[in-house]
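I have placed the structure first, in the form of C-alpha coordinates, so that the comments after it can refer back to it.
In listed order, ligands and their atoms are each counted from 1. This one's a predicted model, so the numbers in the text were calculated from it and none came from an experiment.
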Amino acid sequence: MSTLKPARILAIETSCDETAAAVIENGRALLSSVVASQMEIHARYGGVFPEVASRQHVLSVTPVVEQALSQAHLTLNDIDAIAVTQGPGLAGSLVVGMNMAKGLALGAGKPLIGVNHLEGHLYSAWIYNAGEAIPAEPQFPLIALLVSGGHTEINLMTDHLTYQRLGSTQDDAAGEAFDKVARLLELPYPGGPSIQRSAEEGDSTRFNFPRSWMDGTYNFSFSGLKTAVLYEVQNLKKQGKTPPIPDLAASFQQAVIDVLFKKTMQAAREHGAKEILVAGGVSANRPLRQTFKAQTEFPVHIPAFSLCTDNAAMIGSAAYYRFAHGQVSDLNIDVRPTWPIV
Ligand code: KG4
Ligand code: ZN
(Lines give C-alpha, C1' and ligand atoms only; values in the text may rest on other atoms or scores of the structure.)
(Ligands and ions follow the chains in the order given, each with its own letter.)
Protein backbone atom coordinates (compact mmCIF):
# COMPACT_ATOMS: atom_id res chain seq x y z
CA MET A 1 0.00 0.00 0.00
CA SER A 2 1.13 3.47 -0.81
CA THR A 3 1.94 5.72 2.14
CA LEU A 4 2.07 8.87 0.06
CA LYS A 5 -0.22 11.74 1.04
CA PRO A 6 -3.51 11.85 -0.85
CA ALA A 7 -4.09 14.57 -3.44
CA ARG A 8 -6.37 15.45 -6.30
CA ILE A 9 -4.68 17.02 -9.29
CA LEU A 10 -6.05 18.98 -12.24
CA ALA A 11 -3.69 18.45 -15.20
CA ILE A 12 -3.35 20.20 -18.55
CA GLU A 13 -1.52 18.92 -21.64
CA THR A 14 -1.02 20.96 -24.83
CA SER A 15 2.39 19.81 -26.09
CA CYS A 16 1.33 18.96 -29.64
CA ASP A 17 -2.07 18.72 -31.34
CA GLU A 18 -4.25 17.51 -28.49
CA THR A 19 -5.82 19.96 -26.00
CA ALA A 20 -6.33 17.87 -22.89
CA ALA A 21 -7.32 18.22 -19.24
CA ALA A 22 -7.92 15.61 -16.55
CA VAL A 23 -8.57 15.20 -12.85
CA ILE A 24 -6.80 12.34 -11.10
CA GLU A 25 -6.74 11.21 -7.48
CA ASN A 26 -3.65 9.90 -5.75
CA GLY A 27 -1.82 9.44 -9.05
CA ARG A 28 -3.91 6.49 -10.18
CA ALA A 29 -7.70 6.91 -9.96
CA LEU A 30 -8.91 8.83 -12.98
CA LEU A 31 -11.95 11.00 -12.26
CA SER A 32 -12.16 12.64 -15.69
CA SER A 33 -10.14 12.95 -18.89
CA VAL A 34 -11.04 15.23 -21.78
CA VAL A 35 -9.07 15.26 -25.04
CA ALA A 36 -9.95 17.68 -27.83
CA SER A 37 -8.13 16.33 -30.86
CA GLN A 38 -7.07 18.57 -33.73
CA MET A 39 -6.36 15.55 -35.93
CA GLU A 40 -8.87 16.45 -38.63
CA ILE A 41 -7.51 19.97 -38.93
CA HIS A 42 -3.89 18.82 -39.35
CA ALA A 43 -4.79 15.91 -41.65
CA ARG A 44 -5.26 18.53 -44.38
CA TYR A 45 -1.56 19.39 -44.11
CA GLY A 46 -0.36 15.77 -43.73
CA GLY A 47 1.17 16.60 -40.34
CA VAL A 48 0.98 19.02 -37.42
CA PHE A 49 0.99 22.69 -38.50
CA PRO A 50 2.48 24.39 -35.39
CA GLU A 51 0.83 27.82 -35.60
CA VAL A 52 -2.58 26.31 -36.31
CA ALA A 53 -2.04 23.98 -33.33
CA SER A 54 -1.32 26.81 -30.87
CA ARG A 55 -4.28 28.89 -32.02
CA GLN A 56 -6.53 25.87 -31.69
CA HIS A 57 -5.24 25.32 -28.13
CA VAL A 58 -6.16 28.93 -27.30
CA LEU A 59 -9.72 28.21 -28.43
CA SER A 60 -10.06 24.84 -26.71
CA VAL A 61 -8.14 25.05 -23.45
CA THR A 62 -10.77 26.84 -21.33
CA PRO A 63 -13.75 24.64 -22.30
CA VAL A 64 -11.61 21.51 -22.00
CA VAL A 65 -10.52 22.42 -18.44
CA GLU A 66 -14.12 23.31 -17.51
CA GLN A 67 -15.32 19.97 -18.89
CA ALA A 68 -12.67 18.01 -16.98
CA LEU A 69 -13.79 19.62 -13.70
CA SER A 70 -17.49 19.22 -14.40
CA GLN A 71 -17.13 15.56 -15.49
CA ALA A 72 -15.34 14.91 -12.19
CA HIS A 73 -18.17 16.77 -10.36
CA LEU A 74 -15.60 19.04 -8.76
CA THR A 75 -14.63 22.70 -8.64
CA LEU A 76 -11.18 24.24 -8.33
CA ASN A 77 -11.68 24.34 -4.54
CA ASP A 78 -11.54 20.53 -4.47
CA ILE A 79 -8.19 20.43 -6.29
CA ASP A 80 -4.87 20.26 -4.41
CA ALA A 81 -2.50 21.18 -7.24
CA ILE A 82 -2.38 22.18 -10.91
CA ALA A 83 -0.14 20.16 -13.24
CA VAL A 84 0.98 21.06 -16.72
CA THR A 85 3.22 19.67 -19.43
CA GLN A 86 6.43 21.66 -19.41
CA GLY A 87 7.95 19.98 -22.50
CA PRO A 88 9.20 18.56 -24.74
CA GLY A 89 6.80 19.64 -27.45
CA LEU A 90 5.94 22.54 -29.73
CA ALA A 91 6.81 25.75 -27.87
CA GLY A 92 3.80 27.68 -29.20
CA SER A 93 1.49 24.88 -28.08
CA LEU A 94 3.11 24.36 -24.68
CA VAL A 95 2.80 28.04 -23.69
CA VAL A 96 -0.97 27.92 -24.04
CA GLY A 97 -1.35 25.12 -21.48
CA MET A 98 1.41 26.59 -19.31
CA ASN A 99 -0.23 30.01 -19.09
CA MET A 100 -3.62 28.48 -18.38
CA ALA A 101 -2.09 26.40 -15.58
CA LYS A 102 -0.23 29.40 -14.14
CA GLY A 103 -3.42 31.46 -14.22
CA LEU A 104 -5.36 28.76 -12.38
CA ALA A 105 -2.59 28.20 -9.85
CA LEU A 106 -2.21 31.91 -9.17
CA GLY A 107 -5.93 32.64 -9.09
CA ALA A 108 -6.86 29.70 -6.86
CA GLY A 109 -3.69 29.80 -4.74
CA LYS A 110 -2.73 26.21 -5.63
CA PRO A 111 0.75 24.79 -6.20
CA LEU A 112 1.93 24.38 -9.82
CA ILE A 113 3.75 21.24 -10.99
CA GLY A 114 5.54 21.23 -14.35
CA VAL A 115 5.79 17.74 -15.79
CA ASN A 116 8.03 16.31 -18.48
CA HIS A 117 5.82 14.88 -21.21
CA LEU A 118 7.89 11.67 -21.45
CA GLU A 119 7.65 11.04 -17.74
CA GLY A 120 3.90 11.52 -18.17
CA HIS A 121 3.77 8.79 -20.82
CA LEU A 122 5.46 6.34 -18.44
CA TYR A 123 2.99 7.13 -15.65
CA SER A 124 0.02 6.39 -17.91
CA ALA A 125 0.68 2.76 -16.93
CA TRP A 126 -0.36 3.54 -13.32
CA ILE A 127 -3.82 4.86 -14.19
CA TYR A 128 -7.23 3.18 -13.88
CA ASN A 129 -10.76 4.54 -14.08
CA ALA A 130 -12.07 5.48 -10.63
CA GLY A 131 -14.75 3.03 -9.52
CA GLU A 132 -13.34 0.16 -11.57
CA ALA A 133 -11.21 -2.74 -10.30
CA ILE A 134 -7.76 -1.52 -9.23
CA PRO A 135 -5.10 -3.14 -11.41
CA ALA A 136 -1.72 -4.18 -10.01
CA GLU A 137 0.74 -1.33 -9.61
CA PRO A 138 3.95 -1.59 -11.68
CA GLN A 139 6.79 -2.97 -9.56
CA PHE A 140 10.39 -1.74 -9.55
CA PRO A 141 12.92 -2.27 -10.96
CA LEU A 142 11.21 -2.18 -14.32
CA ILE A 143 12.25 -1.67 -17.90
CA ALA A 144 10.19 1.00 -19.62
CA LEU A 145 10.00 1.15 -23.40
CA LEU A 146 8.82 4.60 -24.44
CA VAL A 147 7.65 4.74 -28.04
CA SER A 148 6.04 7.98 -29.22
CA GLY A 149 6.03 10.23 -32.24
CA GLY A 150 9.09 12.13 -31.03
CA HIS A 151 10.93 9.62 -28.84
CA THR A 152 11.99 6.00 -28.68
CA GLU A 153 13.97 4.96 -25.65
CA ILE A 154 14.56 2.22 -23.13
CA ASN A 155 14.70 3.34 -19.51
CA LEU A 156 15.47 1.49 -16.31
CA MET A 157 13.13 2.72 -13.59
CA THR A 158 14.34 1.72 -10.14
CA ASP A 159 11.79 3.71 -8.11
CA HIS A 160 9.21 6.44 -8.56
CA LEU A 161 10.76 9.37 -10.45
CA THR A 162 14.10 7.54 -10.74
CA TYR A 163 15.23 6.69 -14.25
CA GLN A 164 18.31 5.66 -16.14
CA ARG A 165 18.17 5.94 -19.90
CA LEU A 166 19.76 2.80 -21.35
CA GLY A 167 19.37 3.75 -25.00
CA SER A 168 17.39 5.80 -27.48
CA THR A 169 16.90 6.26 -31.17
CA GLN A 170 19.78 7.68 -33.13
CA ASP A 171 17.54 9.00 -35.91
CA ASP A 172 13.76 8.62 -36.33
CA ALA A 173 11.46 7.77 -33.44
CA ALA A 174 9.29 4.67 -33.95
CA GLY A 175 6.12 6.76 -34.33
CA GLU A 176 7.89 9.09 -36.73
CA ALA A 177 8.88 6.06 -38.84
CA PHE A 178 5.24 4.93 -38.89
CA ASP A 179 4.17 8.44 -39.96
CA LYS A 180 6.84 8.77 -42.68
CA VAL A 181 6.28 5.29 -44.10
CA ALA A 182 2.52 5.90 -44.12
CA ARG A 183 3.11 9.03 -46.16
CA LEU A 184 5.24 7.22 -48.71
CA LEU A 185 2.63 4.46 -48.94
CA GLU A 186 0.05 7.24 -49.43
CA LEU A 187 -1.87 6.21 -46.33
CA PRO A 188 -3.70 8.96 -44.41
CA TYR A 189 -2.37 10.93 -41.42
CA PRO A 190 -1.80 9.96 -38.63
CA GLY A 191 0.41 7.19 -39.94
CA GLY A 192 0.48 4.72 -37.04
CA PRO A 193 -3.20 3.77 -37.04
CA SER A 194 -3.27 3.82 -40.89
CA ILE A 195 -0.36 1.40 -41.14
CA GLN A 196 -1.93 -0.87 -38.54
CA ARG A 197 -5.25 -0.88 -40.40
CA SER A 198 -3.67 -1.56 -43.78
CA ALA A 199 -1.39 -4.25 -42.29
CA GLU A 200 -4.42 -6.22 -41.08
CA GLU A 201 -5.03 -7.14 -44.71
CA GLY A 202 -1.37 -7.83 -45.47
CA ASP A 203 1.30 -10.51 -45.23
CA SER A 204 4.07 -9.48 -42.81
CA THR A 205 6.50 -12.05 -44.28
CA ARG A 206 6.20 -10.84 -47.89
CA PHE A 207 9.10 -8.36 -47.60
CA ASN A 208 12.08 -9.04 -45.39
CA PHE A 209 12.93 -5.47 -44.41
CA PRO A 210 16.18 -4.83 -42.50
CA ARG A 211 16.19 -4.79 -38.69
CA SER A 212 18.77 -2.46 -37.21
CA TRP A 213 19.87 -4.25 -34.05
CA MET A 214 22.56 -1.74 -32.96
CA ASP A 215 24.26 -4.66 -31.21
CA GLY A 216 25.81 -4.07 -27.81
CA THR A 217 23.62 -1.02 -27.17
CA TYR A 218 20.03 -0.27 -26.35
CA ASN A 219 19.92 2.32 -29.09
CA PHE A 220 17.60 2.20 -32.07
CA SER A 221 17.70 3.31 -35.70
CA PHE A 222 14.67 3.33 -37.97
CA SER A 223 15.76 5.51 -40.87
CA GLY A 224 17.34 2.59 -42.79
CA LEU A 225 14.09 0.67 -42.54
CA LYS A 226 12.15 3.66 -43.85
CA THR A 227 14.56 3.97 -46.81
CA ALA A 228 14.26 0.22 -47.51
CA VAL A 229 10.48 0.60 -47.82
CA LEU A 230 10.96 3.60 -50.12
CA TYR A 231 13.38 1.67 -52.40
CA GLU A 232 11.02 -1.31 -52.53
CA VAL A 233 8.14 0.95 -53.62
CA GLN A 234 10.33 2.66 -56.23
CA ASN A 235 11.59 -0.70 -57.59
CA LEU A 236 8.10 -2.11 -57.89
CA LYS A 237 6.92 1.01 -59.69
CA LYS A 238 9.93 0.88 -62.06
CA GLN A 239 8.91 -2.68 -62.94
CA GLY A 240 5.43 -1.40 -63.72
CA LYS A 241 3.93 -3.20 -60.71
CA THR A 242 1.43 -1.72 -58.26
CA PRO A 243 2.99 -1.77 -54.78
CA PRO A 244 1.01 -4.14 -52.51
CA ILE A 245 0.36 -1.56 -49.77
CA PRO A 246 -1.01 -3.95 -47.09
CA ASP A 247 1.99 -6.32 -47.47
CA LEU A 248 4.42 -3.41 -47.35
CA ALA A 249 2.67 -1.97 -44.27
CA ALA A 250 2.56 -5.36 -42.50
CA SER A 251 6.23 -6.16 -43.27
CA PHE A 252 7.33 -2.71 -42.10
CA GLN A 253 5.26 -2.92 -38.91
CA GLN A 254 6.69 -6.37 -38.14
CA ALA A 255 10.25 -5.11 -38.52
CA VAL A 256 9.60 -2.29 -36.02
CA ILE A 257 7.91 -4.60 -33.53
CA ASP A 258 10.69 -7.22 -33.75
CA VAL A 259 13.37 -4.69 -32.83
CA LEU A 260 11.38 -2.98 -30.06
CA PHE A 261 10.38 -6.30 -28.49
CA LYS A 262 13.73 -8.10 -28.61
CA LYS A 263 15.73 -5.14 -27.30
CA THR A 264 13.28 -4.51 -24.46
CA MET A 265 13.39 -8.17 -23.43
CA GLN A 266 17.18 -8.13 -23.55
CA ALA A 267 17.30 -5.02 -21.32
CA ALA A 268 14.84 -6.56 -18.84
CA ARG A 269 16.96 -9.72 -18.53
CA GLU A 270 20.27 -7.90 -18.28
CA HIS A 271 19.03 -5.48 -15.62
CA GLY A 272 17.13 -8.01 -13.52
CA ALA A 273 13.83 -6.21 -14.08
CA LYS A 274 10.74 -7.48 -12.28
CA GLU A 275 8.39 -6.11 -14.91
CA ILE A 276 8.13 -4.41 -18.29
CA LEU A 277 6.24 -1.22 -19.10
CA VAL A 278 5.43 -0.02 -22.61
CA ALA A 279 4.04 3.48 -23.17
CA GLY A 280 3.68 6.28 -25.73
CA GLY A 281 1.54 6.61 -28.85
CA VAL A 282 3.01 3.55 -30.60
CA SER A 283 2.01 1.37 -27.63
CA ALA A 284 -1.54 1.74 -29.02
CA ASN A 285 -0.43 -0.57 -31.85
CA ARG A 286 -2.42 -3.80 -31.49
CA PRO A 287 0.16 -6.31 -32.85
CA LEU A 288 2.83 -4.67 -30.67
CA ARG A 289 0.61 -4.99 -27.58
CA GLN A 290 -0.13 -8.63 -28.45
CA THR A 291 3.57 -9.41 -28.88
CA PHE A 292 4.43 -8.04 -25.43
CA LYS A 293 1.38 -9.57 -23.73
CA ALA A 294 2.05 -13.01 -25.24
CA GLN A 295 5.45 -13.38 -23.57
CA THR A 296 5.20 -14.82 -20.07
CA GLU A 297 8.66 -14.16 -18.68
CA PHE A 298 7.77 -10.71 -17.26
CA PRO A 299 4.49 -9.12 -16.18
CA VAL A 300 3.88 -6.33 -18.70
CA HIS A 301 2.04 -3.04 -18.19
CA ILE A 302 0.64 -1.22 -21.21
CA PRO A 303 -1.73 1.71 -20.65
CA ALA A 304 -5.37 1.48 -21.64
CA PHE A 305 -5.71 2.25 -25.34
CA SER A 306 -7.09 5.77 -24.72
CA LEU A 307 -4.10 6.65 -22.52
CA CYS A 308 -1.39 5.61 -25.01
CA THR A 309 -1.60 8.74 -27.14
CA ASP A 310 -1.37 12.23 -25.66
CA ASN A 311 -3.68 12.96 -22.73
CA ALA A 312 -3.61 14.97 -19.50
CA ALA A 313 -4.34 12.06 -17.14
CA MET A 314 -0.75 10.85 -17.49
CA ILE A 315 0.56 14.36 -16.70
CA GLY A 316 -1.60 14.38 -13.56
CA SER A 317 -0.30 10.97 -12.53
CA ALA A 318 3.37 11.90 -12.85
CA ALA A 319 2.62 15.23 -11.14
CA TYR A 320 1.09 13.42 -8.18
CA TYR A 321 4.27 11.46 -7.49
CA ARG A 322 6.32 14.67 -7.73
CA PHE A 323 3.85 16.53 -5.48
CA ALA A 324 3.74 13.70 -2.94
CA HIS A 325 7.56 13.79 -2.83
CA GLY A 326 7.50 17.52 -2.11
CA GLN A 327 8.45 18.66 -5.60
CA VAL A 328 6.48 21.68 -6.81
CA SER A 329 7.46 24.24 -9.45
CA ASP A 330 7.96 28.01 -9.34
CA LEU A 331 5.21 30.08 -10.90
CA ASN A 332 7.79 31.51 -13.29
CA ILE A 333 8.80 28.25 -14.99
CA ASP A 334 9.45 28.26 -18.71
CA VAL A 335 8.25 25.66 -21.23
CA ARG A 336 11.68 24.07 -21.30
CA PRO A 337 11.55 20.37 -20.37
CA THR A 338 13.39 19.24 -17.28
CA TRP A 339 13.82 15.58 -18.11
CA PRO A 340 14.56 13.77 -14.88
CA ILE A 341 16.73 11.14 -16.57
CA VAL A 342 20.44 11.79 -16.11
O1 KG4 B 1 2.59 9.82 -27.72
P2 KG4 B 1 2.01 10.45 -28.92
O3 KG4 B 1 0.52 10.64 -28.98
O4 KG4 B 1 2.65 11.83 -29.21
C5 KG4 B 1 4.00 12.10 -28.95
O6 KG4 B 1 4.34 12.34 -27.78
O7 KG4 B 1 4.78 12.01 -29.93
O8 KG4 B 1 2.48 9.54 -30.15
C9 KG4 B 1 2.06 9.81 -31.44
C10 KG4 B 1 2.65 8.75 -32.34
C11 KG4 B 1 2.43 9.06 -33.83
O12 KG4 B 1 3.67 8.93 -34.50
C13 KG4 B 1 1.44 7.99 -34.25
O14 KG4 B 1 1.57 7.61 -35.61
C15 KG4 B 1 1.79 6.85 -33.31
O16 KG4 B 1 2.05 7.47 -32.09
N17 KG4 B 1 0.68 5.90 -33.17
C18 KG4 B 1 0.74 4.62 -33.59
C19 KG4 B 1 -0.55 4.07 -33.35
N20 KG4 B 1 -1.34 5.03 -32.80
C21 KG4 B 1 -0.56 6.15 -32.69
N22 KG4 B 1 1.74 3.92 -34.14
C23 KG4 B 1 1.49 2.64 -34.46
N24 KG4 B 1 0.29 2.04 -34.30
C25 KG4 B 1 -0.75 2.71 -33.76
N26 KG4 B 1 -1.93 2.11 -33.59
ZN1 ZN C 1 3.22 12.08 -26.34
message: As an exercise, identify every atom of ligand 1 less than 4.0 angstrom from a heavy atom of Ala284.
response: 20 (N), 26 (N)
task: Could you tell me whether Asp172 and Lys180 make a salt bridge, using a distance below 4.0 angstrom between a side-chain N and a carboxylate O?
output: yes
field: Numbered atoms and elements of ligand 1 in range of Gly149, under 4.0 angstrom, heavy atoms
entry: 5 (C), 7 (O), 8 (O), 9 (C), 10 (C), 12 (O)
Parallel, tilted or perpendicular, as decided by the 30° and 60° cut-offs, for the rings of Tyr123 and His160: parallel
field: Rounded distance [0.5 Å steps], OH in Tyr189 versus CZ in Arg183
entry: 9.0 Å
statement: The atom of Asp310 among N, O or S that is nearest the Zn ion (ligand 2) is OD1
query: Side chains of Ile315 and Val84: does their closest heavy-atom pair fall under 4.5 Å?
result: no
task: Give me the ring orientation class for Phe222 and Phe220: parallel if the planes are under 30° apart, tilted from 30 to 60°, perpendicular past 60°.
output: parallel
query: Can you tell me which residue and heavy atom of the protein come closest to atom 26 (N) of ligand 1, and the distance to 0.1 Å?
result: Gln196 OE1, 2.9 Å
task: Ignoring angles and geometry beyond distance, decide whether Thr309 reaches within less than 3.5 Å of ligand 1 through its nitrogen or oxygen atoms.
output: no
- prompt: Do Glu13 and Asn311 meet the criterion of a side-chain donor-acceptor pair at a distance under 3.5 Å?
  reply: no
- line: Going by the 4.0 angstrom heavy-atom rule, the piece of His121 near ligand 1 is side chain
- request: Pull out every atom of ligand 1 sitting under 4.0 Å from any heavy atom of Gly175, numbered as shown with elements.
  value: 12 (O)
statement: Only residue of Leu69, Leu104, Ile9 satisfying side chain to side chain contact (heavy atoms under 4.5 Å, CB included) with Ile79 is Leu69
- request: Please verify whether a non-hydrogen atom of His151 lies at under 4.0 Å from ligand 1.
  value: no
message: Can a side-chain donor-acceptor contact be found between Gln239 and Asn235 if the only test is distance below 3.5 angstrom?
response: no
query: Who's closest to atom 20 (N) of ligand 1 heavy-atom-wise, of Pro88, Gly281, Gly120?
result: Gly281
- request: Drop me the distance from Ile302's CD1 to Asn285's CG, to the nearest 0.5 angstrom.
  value: 10.0 Å
- prompt: Closest non-hydrogen protein atom to atom 24 (N) of ligand 1, residue and atom name please, with distance?
  reply: Asn285 ND2, 3.0 Å
query: Which of the atoms of ligand 1 are close to His117, meaning less than 4.0 Å from one of its heavy atoms?
result: 6 (O)
task: Please identify which atoms of ligand 1 are closer than 4.0 Å to at least one heavy atom of Gly150.
output: 7 (O)
- request: Examine Phe178 against ligand 1 and note whether any of their N/O atoms are separated by less than 3.5 Å.
  value: no
- request: Would you please determine whether Cys16 falls within less than 4.0 Å of ligand 1 on a heavy-atom basis?
  value: no
- request: Using a strict 4.0 Å threshold on nitrogen-to-oxygen distance, state whether Lys226 and Glu176 make a salt bridge.
  value: no
Close N or O approach (Asp310, ligand 1; < 3.5 Å): yes
message: Please compare Pro287, Gly192, Ala279 and report which has the shortest non-hydrogen distance to atom 23 (C) of ligand 1.
response: Gly192
message: If I apply the N/O under 3.5 Å rule, does Gly280 come out as touching ligand 1?
response: no
- request: Give, rounded to 10 degrees, the angle between NE2 (His117) and NE2 (His121) as seen from the Zn ion (ligand 2).
  value: 100°
field: Test: Asp80 and Arg8 ion pair at under 4.0 Å
entry: no
statement: What one should report as the nearest heavy-atom pair of Pro303 and Ser283 is CD-OG, 4.3 Å
Identity of the nearest option to atom 12 (O) of ligand 1, non-hydrogen atoms only, from Asp17, Leu288, Asp179: Asp179
